[in-house]
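Just so you know, ligand 1 is whichever comes first in the structure, and atom 1 is the first atom listed for that ligand. Reckoned from all heavy atoms, side chains included, excluding hydrogens, waters and symmetry mates. All residue numbers in this chain count up from 1 along the given sequence. Computed from a predicted structure; not experimentally measured.
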Amino acid sequence: MENRKRCFKIIFFCILVAATLLFIYLNRDWDSMSRETEVQWEDPGPYHVAYPRNYKFIMDDTPTCKSTTPFLVLMVPVAPHNVKARDIIRKTWGSEKLVLGKLVETVFVLGLPGGAHADQQQLKLQVENLEYHDMIQANFQDSYRNLTIKTMMMVEWLAANCGKASYVIKIDSDVFLHVQNLVKLLLNPTTPKQNYMTGLVWWHSPVLRNPFDKFYMPRDVIAESEYPPYPLGFAYVMSLDLPAKILTVSPQIKPIFIEDAYLSMCLKRLSISPTDPPEKTMFLVIPTHPLSSCSLSKVIASTTTSIQLMTSYWQRSSEPGAKC
Ligand SMILES: *[C@@H]1O[C@H](CO)[C@@H](O)[C@H](O)[C@H]1NC(C)=O
C-alpha cells in the first residue's frame with residue numbers, strides 16, 4: 001500500500017516536471033536570445049510575415065494605369081507556375097476590356113518562383129509577359145505563407161500607379177468574375193466613390209486559438225477574440241483612394257500571414273468599415289455547383305472547382321434569358 005502511494009507520488013512529480021519544462025519551452029523567448037548577435041534579417045516568426053517594405057518590382061512593364069486610366073482594375077494574385085490559370089482568365093473574363101462603356105484591365109501579381117527549376121521558370125515568365133504585358137512581379141518568395149506580402153505589394157503598386165483609376169477588385173485565379181455585374185454595381189449612384197470596400201463581408205471572424213488550426217493565432221500576437229470585419233480574400237473590391245491610405249497606416253501594424261484579416265486591421269486603424277454588397281448572392285464562396293442561370297445572372301464573383309467550370313460560367317453569363 002505504502003509502496004503504491006510512493007509510486008503515485010513519483011509519477012505525479014514526473015508529470016509536474018514535464019509540464020513545467022513544456023511550459024518553459026512554449027514560452028521561450030528566442031528574440032532576447034538572439035538579440036546579442038544583432039541580426040540583419042529578422043525572422044518574422046510563424047505568425048507574421050517579413051514585409052520590410054523594400055521589396056522591388058522586377059517585372060513591371062504593363063501599360064495598365066501608366067498609359068491608360070481604367071475604370072476598373074482586376075488584380076489577380078497567381079502562383080508563378082500557374083500559367084494555366086492565367087491563360088484561361090485571359091480567354092474568359094480577363095478578355096473583357098470595354099464593359100458598359102468602361103475600360104477594364106487585368107493585371108497578374110506574382111512573386112519569385114521557388115524550387116529546383118526557379119531560373120527556368122523565371123525565363124518562362126519573362127517570355128509570357130513579353131507576349132501579354134499583363135504581369136507584375138516583385139522580388140519576394142511566392143508562397144502561400146507569403147500571401148500578405150503579395151497583397152501589400154499589390155497595394156503598393158496600386159497606390160503608385162492607379163490613383164486616377166476608380167476601382168479595383170482583387171480576385172483569386174480560381175474565381176469566376178461576372179465583369180458586367182461588377183461594373184453595374186460600381187456605376188450605381190449609391191455606390192461610394194471613396195473609402196469603399198465590399199465583398200463577402202465576415203463581420204465577426206473569430207481569432208482561432210486551436211494550435212492545430214491552419215489559421216491559428218496565439219493571444220500574444222492578437223489579443224482580441226475577433227478580427228475587425230473584412231471581405232473574404234477570394235474577391236474584394238476597393239475604391240482606388242484606399243491603397244495609398246492603407247500604406248499610411250500599415251507601418252504601424254505588424255503584418256500577420258492572413259492577408260484579408262491584415263487588411264481589416266489596417267482599415268480599422270483608418271476607421272473605415274467594409275460595406276455589404278446590395279445582394280448577398282453577389283459573392284459566393286462555396287456555392288453548390290453548377291450555379292443556376294438565375295444565380296449566375298446575379299453573381300459578381302464565385303469560386304470554381306475547375307477550369308472547365310470557370311469557362312462554362314463565363315460562356316453562360318453572356319447568354320440572355322436568365323430564369324428567376
Ligand atoms: C517569404 O519571402 C521572403 C522574402 O523573399 C523569404 O525570405 C521567406 O522565406 C518567404 N517565406 C515563405 C514561407 O515562403
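- For ligand 1, none of its N or O atoms has an N or O atom of Arg145 under 3.5 Å away.
- A donor-acceptor pair shorter than 3.5 Å can be found between the side chains of Ser295 and Ser292.
- Residues Met197 and Pro231 approach most closely at CG-CG, 3.8 Å, considering heavy atoms.
- Shown in contact with Tyr55 at under 4.0 Å from a heavy atom are these atoms of ligand 1, numbered in order with element: 3 (C), 4 (C).
- The backbone and the side chain of Gln141 each have at least one atom closer than 4.0 Å to an atom of ligand 1 (non-hydrogen atoms only).
- The atoms of ligand 1 that sit less than 4.0 Å from any heavy atom of Ser143 are 12 (C), 13 (C), 14 (O).
- Glu105 and Thr68 are linked by a side-chain donor-acceptor pair at a separation below 3.5 angstrom, with hydrogens and angles left out of the test.
- Cation-pi geometry between Arg90 and Tyr132 is met: under 6.0 angstrom from the ring centre, within 45 degrees of the axis.
- Atom numbering of ligand 1 starts at 1 in the shown order; those under 4.0 Å from a heavy atom of Phe140 are 5 (O).
- Residues Gln137 and Leu125 are in side-chain contact: their nearest non-hydrogen atoms beyond the backbone lie under 4.5 Å apart.
- Nearest to atom 3 (C) of ligand 1 by heavy atom, out of Leu112, Asn146, Val49, Asn139, is Asn146.
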